[in-house]
2 protein chains.
Amino acid sequence: MMVPILAAIAEHTRLQALLLLADGSEHCVCELMQKLDATQSRMSRHMQVLRQAGLVVDRRDAQWVRYRLNPDMPPGVYAVLKTILAAERGERPEERKIA
Amino acid sequence: MMVPILAAIAEHTRLQALLLLADGSEHCVCELMQKLDATQSRMSRHMQVLRQAGLVVDRRDAQWVRYRLNPDMPPGVYAVLKTILAAERGERPEERKIA
DNA sequence: TCCCTTCATGCGCATCTGCGCATATGCAGG
DNA sequence: CCTGCATATGCGCAGATGCGCATGAAGGGA
């Protein structure tokens, strides 16, 4: 079940976009493409991938499309995303055994 | 930093192999290929990908090569792997906020 | 209605990925 | 040595992926 989700996250621009969206607020494509130095079509397509993976949701707001983390993300997926973003930021995880 | 690691995990056979290795013990390629219904070359190559990603280590033992989880995996990577495997197993994560 | 901004998408291309097939390599036993 | 088992790897191929370019579609304002 996790493979498509992981594949969606396993790309630099998409992971950076998720880091930006992890502040909990909405971000339009134009903001994301500026902050991540991506062309418009590239950014748009990456957001489609994240949307199809169920990681983000979008909302029309006048001529903008606002993206945010999917608030209905399954708990397991949410935990995975949180852990990945923390690791990407270089944060220290809490201790625990693997098995 | 996480993208190459996530890309390594984001493939069905490799994720299943990691689930088997997560019992903490060593497994030879012949065992993995049988349990995962994979051909020999396919299994061998997948294990190379996991090894190059730093997720597993291998050891020669007579004519076998024993694979196990990399005991020197960075804590952040270890936490990510643990969370992904738990999610793949359908386990419930502990609660926490994302940002 | 016309124009501008924002975003999505069809198309073609270069590259990457995963695979099977065949072959090479490493090791043990006779 | 020679044979057999376990594993790695060169090769070529089919499909997937990421990209730029151009265009379409949706909405706002004069």
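Just so we're on the same page: letters track the sequence lines, and every chain starts at 1.
The side chain of A/Arg14 contributes an N or O atom lying less than 4.0 Å from OP1 or OP2 of D/dG18. Of the side-chain N and O atoms in B/Gln48, one or more sit less than 4.0 angstrom from OP1 or OP2 of D/dA8.
Side-chain N or O atoms of B/Glu88 include one that pairs as donor or acceptor with a backbone N or O of A/Met1 at under 3.5 Å. Within the 3.5 Å criterion, the main-chain N or O of B/Asn70 finds no donor-acceptor partner in the side chain of B/Arg68. The backbone N or O of A/Thr13 sits nowhere less than 3.5 Å from a side-chain atom of A/His46 that would complete a donor-acceptor pair.
Rounded to whole Å, the distance from CG on A/Leu50 to C1' on C/dA8 is 15 Å. The nearest whole Å value for the distance from the CE atom in B/Met47 to the P atom in D/dA6 is 17 Å. To the nearest angstrom, P of D/dA30 lies 12 Å from CD of A/Gln63. Put simply, CE on A/Met43 is 18 Å from C1' on C/dT5, counting in whole angstrom units. What separates NE2 of A/His46 from P of C/dA8 is a distance of 13 Å, to the nearest Å.
Nucleic acid contact for A/Ser44: base, since at least one base atom lies under 4.0 Å from a heavy atom of the residue. Here B/Arg66 lies out of heavy-atom contact (under 4.0 Å) with every strand. As judged by a 4.0 angstrom heavy-atom cut-off over every strand, A/Arg51 is placed among residues making no nucleic acid contact.
If you take CG on B/Leu69 and CG on B/Leu85, they are separated by 7.5 Å, rounding to the nearest 0.5 Å.
Comparing A/Ser41 and B/Glu11 against DNA chain C, the residue whose closest nucleotide sits nearer the 5' end is A/Ser41. Judged by closest nucleotide on DNA chain D, B/Cys30 is the one of B/Cys30 and A/Thr13 placed further toward the 5' end.
Distances from the side chain of A/Arg45 to the nucleotides D/dG20, C/dG18, C/dC7 place D/dG20 closest. Relative to the side chain of A/Val65, the nucleotides D/dG18, C/dA8, C/dT5 differ in distance, and C/dA8 lies closest. Closest to the A/Cys28 side chain, of the nucleotides D/dG28, C/dC7, C/dC27, is C/dC7. Nearest nucleotide to the side chain of B/Tyr67, out of D/dC19, C/dC27, D/dA8: D/dA8.
A donor N or O paired with an acceptor N or O is found under 3.5 Å between the base of D/dA8 and the side-chain atoms of B/Gln40.
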